[in-house]
Asks: 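Below: one structure in structure tokens.
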Amino acid sequence: MAPSRRQSNGRSPLVNKQFQITSFFSSKPAASSSPSPLQKRRNPNPRKPCSDPDDDSPASSPSPATPSPVQSKPRKKTPLVVPSAPAAAAAAAAAAAAAAAAPKPYGLEVLRRRVRVYWPLDGAWYEGRVERFDEGSGKHRVRYDDAEEELLDLGKEKIEWIEEGVKKFKRLRRGGSAVSEKVVEDVESDEGGKDWEDDSSDEDWGKSAEKEAVEDDAGDEDMEAEFVDEEDDDEESSGKSRTKKRKASKGSESGSVKKNKSGSGVRDEGSKGSVVVSGNKFNACSIPAQKTTNGLGSSLPTDASERFSSREAEKLHFLGPERRDAKRRRSGDTDFDPRTLYLPPDFLKSLSGGQRQWWEFKSKHMDKVLFFKMGKFYELFEMDAHVGAKELDLQYMKGEQPHCGFPEKNFSMNVEKLARKGYRVLVVEQTETPEQLELRRKEKGSKDKVVKREICAVITKGTLTDGEMLSANPEASYLMAVTESCQTVADQKDQKAERTLGVCLVDAATSRITLGQFRDDSECSALCCLLSELRPVEIVKPTKGLSAETERVLLTHTRNPLVNELVPVLEFWDAEKTVHQLRTIYKSINGRSSSVSSDETDTETAASHLKDDGLDNLPEFLSELVNSGENHNLALSALGGAIYYLKQAFLDETLLKFANFESLSCSGFSDVAQKHMILDAAALENLEVFENGRNGGSSGTLYAQLDHCVTAFGKRLLKTWLARPLYHPEAIKERQDAIADLKGENQSFILDFRKVLLRLPDMERLLARIFSSSEACGRNANKVILYEDAAKKQLQEFISALRGCELLVEAFSSLGVILENTESRQLVHLLTPGKGLPEVSSILRHFKDAFDWVEASNSGRIIPREGVDMEYDSACNKIKEIESNLMKHLKEQRKLLGESSITYVNIGKESYLLEVPESLRGKVPADYELRSSKKGFFRYWTPKIKKLVSELSQAESEKESALKSILHRLIRRFCEHQDKWRQLISSTAEMDVLISLAIATDYYEGPACRPVFKVSSDSSKEPCLSAEGLGHPMLRSDSLGKGTFVPNDVSIGGSANASFILLTGPNMGGKSTLLRQVCLAVILAQIGADVPAESFQLSPVDRIFVRMGAKDHIMAGQSTFLTELSETASMLSSATCNSLVALDELGRGTSTSDGQAIAESVLDHFVHKVHCLGMFSTHYHHLAVNYRNDPGVSLCHMACQVGDGADGMEEVTFLYRLTPGPCPKSYGVNVARLAGLPECILQKAASRSRKFEHSYGRHTKESPQHSGTQYSEDEMVLFMQKLMELVARSVDAKSSDAKFIDSFVKLQRDAKLLIRQQ
């Protein structure tokens, strides 16, 4: 699809001629023949008289027999061949007629064609269209643009055919002799015979285009020319649209075609497919560190490989093994910088100006892919072309030089693709038009022949702010800057590394910046937790500034982030330099804000988020951080590293001006840590809170279970709440009250509110883009030459933000009715205007009255209503006054000449022409200027009209200028209230998450309850956890495939129960599931949600520790057992009496004796020293014997039924019921049977298992078969009492529920044990 033809920014349209792009990278032009060029005349005004045909002016007419004008005088210009669009056969016939120089009869083939006819008496050309053909007379009926008609013999008239199809210049396939050609000449370089340079003929028609390009009769000045294949005009734009626009060809039969020496101006259709860099010459090309680029020969077609390889070996030898950086250091040198490249002087001398410009950019950014702007296309050359061919499926151009590209409209899609794949993209934009270049050369004497280009953006994973994939994914993409200070501390006999980390997290898409500084242990546990929660996509760190352990953690707890190393102090700033730079930046920001605010009528909240103390103007958060007495140098240094990196991406000032600063929860300078439960990396991963263990996705996770949010910003807030559950009971109770009040009678209002939220875009990211667009920098800078209608897109986003805010205000107003039925303080705060809900109705009303949103969205421009913009109103009033004066002058002229029919007409660009009948020509004063005429009329400008028209033109320019800048002024006014807009989105996100948690209750299987927190002022009070009928928040019967999930009663801690459960049971009996569901229930309780249980009581838990599953960190040199013990060590050092510990089969990675010894020692430490709550599952059955009399440990097992199977094998039926007492064995052979091991192996395994158990002492009298304890007389009495109760209950016919059956089975088992003891 063709792009819009009109420019929104008022810049001159450029034409990106294909051969000019290729000649831009050709050091010498090839010689070409110079046939007589054809020059198409222009007369955009219908029936406008031109100069006499016998005159020597450029507008002179050809001879009558010539169907199209030919200028015989040759010029020193290089012709560009483009085919005429319509009626190729007719044009070819016309060319033949011109060659014969004889009259030629025309027929039906010229119907509907536009024609220009010369009238000798008027000395003028008139335009019209051929409507009919009379075969009898051989004449054609021509209807002129002024509605007059005439029957003409076209073969005997002086005519010019007007080619309408040149609104799109169509690519002529070389060798296509059947297509007529039209030559549009291009201005040659000032120095004849010199190299082609990137001057006015590089990417733009330049001034010659304005004079010679073929136009239609409407004289559309903003018409853009675009190359399209004549067979694919209507092909829709796609990633392969470049293929449609630049077709390969085998050569040209036309002598007027200027050929490029390298031949790189035509795409190679044979080089389609996956392509990588040739040989080892491009090891430093712009490809992520994870990617390798070797083997061009195996990836390219043979001809392409030979073409590229031979050229690279000959001309780019400096990219080989002897490659040097900009300071001429070799790759083996200590300070070698692979990001730069040394270019030999002889190589630079051989380059054209355009080539030199490209290499100057590339040599400083070898780690990036260059998107090099040329006209309306982004071009990729040399090693970057291989990346474009491989990753973007672009097609190579023909020639020895690797070269491909794509149109500007595909920029967003392609830059996002490369960034997502780990590439750094350097965007080089054109900041000067050829006209501006020519003016600069004339005024300043500059010898430049290349238009100016500047780096306008560096786009990576962490700096993406817009794109289709970004819009589809609500997950935040964090850029993380990290620095470290490590000290060795002597601790008795050991020496431990005490490390302090400074971290800065940047979400560029939402302008959120999070700062933190914290102490970490030798295993970097806090850093691991942070990485597991946020999964940063990009990391910035000082070169050789981090310890080996920190580097290991960054490698093992991330998902292939893009890593950037900055030179310490020089690039990764220290705290002192960071503060200095911050003050400079904010001083500049405040200076601009003050100057803007002084010009605005509404300055109520301008720069309200900044604290102006006359010295630093820093935001309040940064000011407190800098001025506090504590040492926060590492956090500031991390911020400095992030700012330097963002500065290279042209995001620093924009981001800092509108940044939403936050403190990291684990920071030493914040008390946030005491408000939240801590979930470390192991807990997040083992409990599958955000990522499942199968493929790392969210399916089957706790987050997926609770995520019923309908907004992207709500989803991000839910993730934050899950990562940091509340700790204080009062805060938890407030959230519980809010969730409870969103159910029941208020549910209908809640559903209506959610319907409104469903219509919203990602408002948080949208507002961030609106805020950033108020600053003209990067690709938004005024000097950048863009062709896509960027202003219209910006306007539509602005209107979308206004509509979104308006919808939210209306939705909150409607939801306010539930305040009558709520007691929740949190809901009252969120729904009360002026409190949690900002007062923005008056602000929105101002923007609603300022302009028509619907009309502006459709037209792409704002027409402000009267009184909104003084500058626009002033220009409009001036125009009205001038138009009034013109009408008065018309009345005066009618009176002067005595003719009331005299009127104004507009012809082309000339307006207010006084049209006077031919009969009054003698009465016209001598000072009247004749401008044009038509049959029976003459058109004049009086001196006064000329003056007024000039004033009118100036006033209209002022009006247009005001219209162009009105959007920017309105956005700035919108940004003045940024705090209120952010508060509105924050309140919406909170409501969305509360509603989501209320809805999640309906998705549990079985009953759900509101947890009750037991809080005691007595510090000696033991923590507790008690659950009845506890289910699993994620597992349901439909997902289990068969049966139903078995709920369990769990009681830990408190005065009546042991603080630890030692859990045994058969393999696959449900031990790990029970541990997980208890931990997940605690997390649900402390985020304020309901829990799938009949009842749930607990003391607040400050931290959950989970050691579960078998995994290793091979890349970090850690075995499975070492990984297991490292996580256990973190538990032992960090657990408190308020923590919850879940240990699953600790010690299984080593020998039985060592593993059991370690497991028992760890259990003993938690039970008798830490006194925390916990569950410890194990297959070391001897532990049950050792702890059978320990009051701090409760022996439990997951129940099962064991029966005799075939060949004496045991068959185990899992009951999944938590039952008091230990389990005698693990029944591992049963699992082997389920896994399908051969029967002979099973028989042998069962036999050896019995021998091992006998030697291990499991069947001695001291340890009965099914119990680790002896039964006393009291226990026998208790057994009889239970038996009598069951007998009494059995009389009731309805007593067949599951609990009754379970009790009977349990009592039967106890009876068997009692009999055996006797």
Asks: In sequence, state the C-alpha distance, the side-chain angles, and the governing distance for V905 and F937, and then conclude on side chain to side chain contact (heavy atoms under 4.5 Å, CB included).
Replies: CA-CA 11 Å; V905 295; F937 292 92; over 6 Å; no
Asks: Could you state the interatomic distance from CD (E157) to CG (L152), rounded to the nearest 0.5 Å?
Replies: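 One finds 5.0 Å between CD of E157 and CG of L152.
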Asks: So do I971 and F798 actually touch side chain to side chain, heavy atoms under 4.5 Å?
Replies: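 In short, these two side chains touch, coming nearer than 4.5 Å.
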Asks: Is it true that a side-chain atom of D134 and a backbone atom of H140 form a donor plus acceptor pair closer than 3.5 Å?
Replies: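 Not at all, since once roles are kept as given, no pair shorter than 3.5 Å links the two residues.
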Asks: How would you list all residue pairs meeting salt bridge (Lys or Arg N to Asp or Glu O under 4.0 Å) that involve residues 850-872, not counting sequence neighbours?
Replies: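 Only R861-E960, D869-R969, E871-R969 qualify under salt bridge (Lys or Arg N to Asp or Glu O under 4.0 Å).
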Asks: Does the side chain of Y904 come within less than 4.5 Å of I945's, by heavy atoms?
Replies: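 Yes, at least one pair of side-chain atoms sits under 4.5 Å.
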Asks: Starting at CZ of R973, measure out to OG of S774 and round the result to the nearest 0.5 Å.
Replies: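 Those atoms lie 13.5 Å apart.
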Asks: Is there a donor-acceptor pair under 3.5 Å between the side chain of W853 and the backbone N or O of S800?
Replies: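 Looks like no, no N/O pair under 3.5 Å.
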Asks: Report the distance from atom CE of M887 to atom CD of E892, rounding to the nearest 0.5 Å.
Replies: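 Atom-to-atom, M887:CE and E892:CD are 11.5 Å apart.
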Asks: Would you check if the side chain of E910 reaches a backbone N or O of I907 as a donor-acceptor pair within less than 3.5 Å?
Replies: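 No; zero donor-acceptor contacts below 3.5 Å.
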Asks: How many angstroms lie between CG in L930 and CG in L914, if you round to the nearest 0.5 Å?
Replies: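 The CG atom of L914 is 11.5 Å from CG of L930, to the nearest 0.5 Å.
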Asks: Taking only Lys NZ, Arg NE, NH1 and NH2, and the carboxylate oxygens of Asp or Glu, determine whether K783 and E454 approach each other closer than 4.0 Å.
Replies: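 Yes, this pair counts.
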Asks: On a heavy-atom basis, which atom in S857 and which in Q796 lie closest, and how many Å separate them?
Replies: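 Scanning both residues completely, I find the closest heavy atoms to be O-NE2, 3.3 Å.
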Asks: Sequence neighbours excluded, which residues qualify as side-chain hydrogen bond (donor to acceptor under 3.5 Å, both in side chains) partners of R894?
Replies: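 By the side-chain hydrogen bond (donor to acceptor under 3.5 Å, both in side chains) rule, R894 matches no residue at all.
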Asks: Side chains of F938 and E918: does their closest heavy-atom pair fall under 4.5 Å?
Replies: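 With C-beta onward as the side chain, the pair touches.
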Asks: Between G860 and K792, which heavy-atom pair has the shortest distance, and what is it?
Replies: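 Closest heavy-atom pair between G860 and K792: CA-CG, 3.6 Å.
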Asks: Are any of the side-chain heavy atoms of Y872 and K959 separated by less than 4.5 Å?
Replies: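 Answer yes - side chains close enough.
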Asks: Atom CD1 of I902 and atom CG of L897: how far apart are they, to the nearest 0.5 Å?
Replies: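 So the gap between those two atoms works out to 4.0 Å.
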Asks: Would you please test L952 and I879 for side chain to side chain contact (heavy atoms under 4.5 Å, CB included) and show each step?
Replies: CA-CA 6 Å; L952 181 63; I879 291 173; 3.8 Å; yes
Asks: Using a 4.5 Å cut-off on heavy atoms from C-beta on, say whether the side chain of I770 contacts that of E797.
Replies: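 Sidechains of I770 and E797: in contact.
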Asks: Before accepting this row, confirm whether a basic side-chain N of the pair K452/E432 lies closer than 4.0 Å to the acidic partner's carboxylate O.
Replies: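 No, no charged N to carboxylate O under 4.0 Å.
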Asks: Any salt bridge linking R141 with E131? Criterion: basic side-chain nitrogen under 4.0 Å from a carboxylate oxygen.
Replies: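 No salt bridge links R141 with E131.
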Asks: Checking side-chain hydrogen bond (donor to acceptor under 3.5 Å, both in side chains) against Y144, which of E127, E150, K934, E149 comes through?
Replies: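 The single option meeting the side-chain hydrogen bond (donor to acceptor under 3.5 Å, both in side chains) with Y144 is E150.
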Asks: Write down the atom of L967, the atom of A791, and the distance for their closest heavy-atom approach.
Replies: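 Result for this residue pair: CD2-O, 3.9 Å.
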Asks: Would you check if Y106 and V130 make a side-chain contact, meaning some heavy-atom pair closer than 4.5 Å?
Replies: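 SC-SC contact between Y106 and V130 ruled out.
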Asks: Does the side chain of L154 reach to within under 4.5 Å of the side chain of F133, using non-hydrogen atoms?
Replies: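 No. Closest side-chain heavy atoms not under 4.5 Å.
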Asks: Can any side-chain N or O of R441 pair as donor or acceptor with the backbone N or O of D448 at less than 3.5 Å?
Replies: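 Answer holds: yes.
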Asks: Before you tell me yes or no, could you show the steps for L913 and W941 under side chain to side chain contact (heavy atoms under 4.5 Å, CB included), namely the whole-Å CA-CA distance, both residues' side-chain angles and the distance that decides it to 0.1 Å?
Replies: CA-CA 6 Å; L913 293 170; W941 264 351; 3.5 Å; yes
Asks: Would you check if the side chain of W125 reaches a backbone N or O of I159 as a donor-acceptor pair within less than 3.5 Å?
Replies: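 No, the answer is negative, given that no donor and acceptor are paired below the 3.5 Å cut-off.
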Asks: Walk me through whether N780 and E775 qualify under side chain to side chain contact (heavy atoms under 4.5 Å, CB included).
Replies: CA-CA 8 Å; N780 291 328; E775 295 292 311; over 6 Å; no
Asks: Would you call I862 and L963 a side-chain contact if the rule is heavy atoms closer than 4.5 Å?
Replies: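 Not touching, per the 4.5 Å side-chain cut-off.
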Asks: Measure from the side-chain N and O atoms of R939 to the backbone N and O of E915, and report whether any donor-acceptor pair falls under 3.5 Å.
Replies: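 Pair absent, no side-chain N/O of R939 close to backbone of E915.
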Asks: Would the distance check show the side chain of S950 and the main-chain N or O of K946 forming a donor-acceptor pair, the cut-off being under 3.5 Å?
Replies: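 No; judged by distance alone, with no hydrogens or angles, the pair does not exist.
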Asks: Could you walk me through whether K376 and E408 pass the salt bridge (Lys or Arg N to Asp or Glu O under 4.0 Å) test, one step at a time?
Replies: CA-CA 6 Å; K376 295 199 296 182; E408 184 184 275; over 6 Å; no
Asks: Nearest 0.5 angstrom please: L886 CG to L948 CG, how far?
Replies: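 Taking CG in L886 and CG in L948, the distance rounds to 4.5 Å.
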